[in-house]
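In what follows, a single structure is set out as structure tokens and then discussed.
Labels below follow one simple rule: chain letters A, B, ... track the order of the sequence lines, proteins then strands, and each chain is numbered from 1.
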Amino acid sequence: MYKLVLILKYLRRKLAPMFAALAVTLCTAMVIIVISVMGGFLDLMRTSARKLTGDVIVHGDITGFRHYQEMIDAIEALPEADAATALISSFGLVNVNGHVVGAEVVGIDPEKFDNVVQYRDTLYWTSAHFLDMFRNDAFFTGQPPENQPAIEADIRTYEQNEFRDFGMAFKPLPHGEQLPGCVMGIEVAPTNLRNKQGKYKLVESRTLGHQVTVTVVPLSAKGTLGAYEPARRSFVIVNESKSGLYDIDKSRAYVPFDLLQKMLEMERIESPHFDPQTGETLPGKKVTPARATDIMVRGAPGVPLSQVRDAVQRATDAVVNDHGGDRFPFVMTWEDRHGVLLSAVQNEKGLITFLFAIISVVAFVMVATTFYNIVLEKTHDIGVLRAIGGSRIGVASIFLGYGLAIGVIGAVLGFGMAWVIVFNLNEINLFLCNKFDVCMWKPQTYYFDEVPEQINAIEVIWIMIGAVVSSVGGSMIPAVVAAMTDPAQSLRYE
Amino acid sequence: MQLHATNLHKTYNIGGGDVRVLRGVNLKVESGQWVAVLGASGSGKSTLLHLLGGLDRPDDGSVQYDGKNLFNLEGGTLDRYRNAHVGFVFQFYHLLPELNARENVLIAAMIGRSVFGWPGARDACGKRADELLDRLGLKDRARHKPGKLSGGERQRVAIARALINEPDVLLADEPTGNLDAGTGEHILDLLRQLHAGGQSIVMVTHDQRISAAADRRELLIEGQLQHE
Ligand SMILES: Nc1ncnc2c1ncn2[C@@H]1O[C@H](COP(=O)(O)OP(=O)(O)O)[C@@H](O)[C@H]1O
Ligand SMILES: [Mg+2]
């Protein structure tokens, strides 16, 4: 019983235990914050990556594969898969207002694509942006009265129609050029700049409604270049897409599937049939099936991705076999596809965690030295306790219990501190940024607008256990020293 | 109760030279006796008392408590001997500074009991602690920490602590050595009362007058005891 009483009494003593607990608190908080933020970025990237690929992707090569519609039907019939959509991915040149960039031109069917990867959510501009601009931007509010009716008409249009719907339909804007629509990655246009909060401003956007020219080079099914002329076509930008991965948003343009398929000469072609020997026209038509480069698949909920992948692979292989083909497309999960990128971030998280674990060793040493000093200061008390019947183990366990208490207090406070900081990171950052011009996190530089505010319970539990274990470990040596103290010696003098 | 030291030897080594402090000490203390060990400063009185209390080990010889050699006991049993059968009183009081007077007394009662055993004994021990403090004139000092107490008060708290577990023998190491004459006399009176109540006491001192209170005097000279 005396141990408990003394642990409590010693805890109420002045500075030394407070410093030890503070060291544990700070280290715990630091490790939790770092792991949470890094983990948050990793999760953000993973979510973004998954949205680009779907759960599972069927990938041929740049020349595409045939019979994709049959494959989609087969895949959608699988219990492991819920939805699938075909796309064509090609390389081309995109001319935005005279600014030419090399880009990945992707042909999609927006509704189906959205069904697989929640594409609609990546469309950046919404009616809310326009309404906000009309109502709050000085340019519009400052217009003379005679222009107000026109602005109000615009406001009504945007109130009645969701702007994203235009993007989803690749439909040109009401007042703009009546060309097929396209959706640009939001970083393609050089005029899109972000403010301190990491948001794009509509007023500064010089891209919506503008015309772009997309040039692609068709490839024959055999992959020969130059069999066809480059294909060029004009589109009008109806929205911009922000996937969350900078490299993608900087170099991607979405256009209607059918149009891109035609430009690339990948559509179904029926041509006259000739006899190779005689050169005579034979009855019937020679059919070249349509091609796509990828199929994205959304797995059924709860089914492991590897299982979805295997099922999809079997289904697509069967379709190829049915047609006597010999080129089987690859099937990958989204993690396989983005493995390099993700493992880089994963490694970074691991590395930083390791660095901070080393810093935690400092806390450990700090606890150890603090306790060592307490023991030195308490040799006299230890002698007294031994004289009135306390055992060596009893005396040692006072210091171990003391370490445990400090570890628990430090871990809990550290968790509390980390919680408060992590869930206010963006506010704290903005405050420091505005008040003192100290920006830990610049949304303009980094691609995510916000530092993710999330904490993983399991990681937190492990970190807290680690903090408690190192405090107890740090008090181990002092506890042993306490146990070995010669009581007769320490009682001889005052 | 019988405490019987036989042929105790203890040598300290300071800077290469051996200091033979005890060289064959024999001492027998019977129930109810008050024995004073008189000796010059540095003659080994504290060393002897520590050996009697099982706080230190001799180089040779034995201390028998009711026929059992202390130094053959297991560690746990020896701890219990110090806790329950002897009560130490020191020249420098040796109270725990974080605890108040009452807690300093009670801590000795807690040591013999686990967290689970304590609640059952708590009331009885608390009552005994209050009685002791009362008897030693510390009633309104019970909640004071040692730092707020005078030397005489501290020594009385130390005596209450030594008595809380009703020890067979009180081992007092110059209990008045740090006190002025008046206060020292007061402490001596207390010991007289305890002795009158049947408490066995071994007291070491360098002060002739103090030792006069005991009913037997031994002189510690050149590492050996001489009956006076
Ligand atoms: N741990 C030790 N190491 C060396 N010498 C010691 C030690 N403890 C005591 N001594 C010496 O032993 C002698 C007796 O000490 P002590 O028993 O305290 O004497 P007393 O209590 O009679 O003053 C002293 O000379 C002291 O310096
Ligand atoms: Mg002494």
Side-chain angles (χ1 to χ4, degrees), chain A residues 1-18 20 370-371 373-402 404-406 478-480 482-494, chain B residues 10 12 46-47 49-51 53-57 74-100 103-119 121-122 125 145 158 161-162 164-165 167 171 173 177-178:
Chain A
M1 181 64 205
Y2 71 107
K3 296 164 218 157
L4 205 59
V5 171
L6 287 173
I7 290 167
L8 293 178
K9 291 285 176 189
Y10 285 175
L11 277 178
R12 279 159 57 179
R13 270 165 34 97
K14 51 201 180 184
L15 252 50
M18 265 176 54
T370 307
F371 275 51
N373 282 326
I374 293 173
V375 168
L376 287 186
E377 191 193 323
K378 288 279 163 214
T379 38
H380 174 257
D381 287 24
I382 293 165
V384 174
L385 287 170
R386 298 296 312 283
I388 60 177
S391 61
R392 283 187 196 284
I393 291 175
V395 168
S397 55
I398 289 174
F399 290 92
L400 285 181
Y402 196 21
L404 180 71
I406 286 196
V480 170
M484 303 313 278
T485 303
D486 174 10
Q489 202 46 43
S490 52
L491 290 174
R492 197 156 246 127
Y493 314 100
E494 190 169 21
Chain B
K10 183 82 181 175
Y12 290 111
S46 295
T47 306
L49 210 64
H50 290 160
L51 292 177
L55 205 54
D56 205 355
R57 286 178 173 272
E74 287 173 38
T77 321
L78 191 57
D79 291 333
R80 225 164 301 131
Y81 166 76
R82 283 198 305 274
N83 181 239
H85 299 288
V86 300
F88 276 104
V89 177
F90 303 98
Q91 177 179 358
F92 302 112
Y93 333 120
H94 291 326
L95 300 175
L96 300 181
E98 277 88 5
L99 307 186
N100 65 29
E103 291 164 338
N104 260 293
V105 175
L106 275 177
I107 199 88
M110 289 178 184
I111 281 181
R113 294 171 176 90
S114 71
V115 176
F116 308 105
W118 177 244
R122 188 188 164 141
C125 293
K145 298 233 168 114
R161 177 179 67 190
I164 183 80
N165 290 333
L171 302 175
D173 190 348
N178 219 29

Exercise. Side chain, backbone, both or neither: which part of B:L49 has an atom under 4.5 Å from a heavy atom of chain A?
Worked result: neither

Problem set entry | Region of B:Q91 in contact with chain A, defined by heavy-atom distances below 4.5 Å | neither

Problem set entry | Choice from B:H50, B:R80, B:R82, B:M110 maximising heavy atom contacts with chain A below 4.5 Å | B:R82

Exercise. Does CZ in B:R122 sit with more than 12 non-hydrogen atoms of other residues, nucleotides or ligands closer than 6.0 Å?
Worked result: no

[X] side chain to [Y] backbone, donor-acceptor under 3.5 Å:
X: B:D173; Y: B:S46; answer: no
X: A:D486; Y: A:A488; answer: yes
X: A:K3; Y: A:F399; answer: no

Problem set entry | Engaged part of A:I393 at the chain B interface, taking heavy atoms whose separation is under 4.5 Å | neither

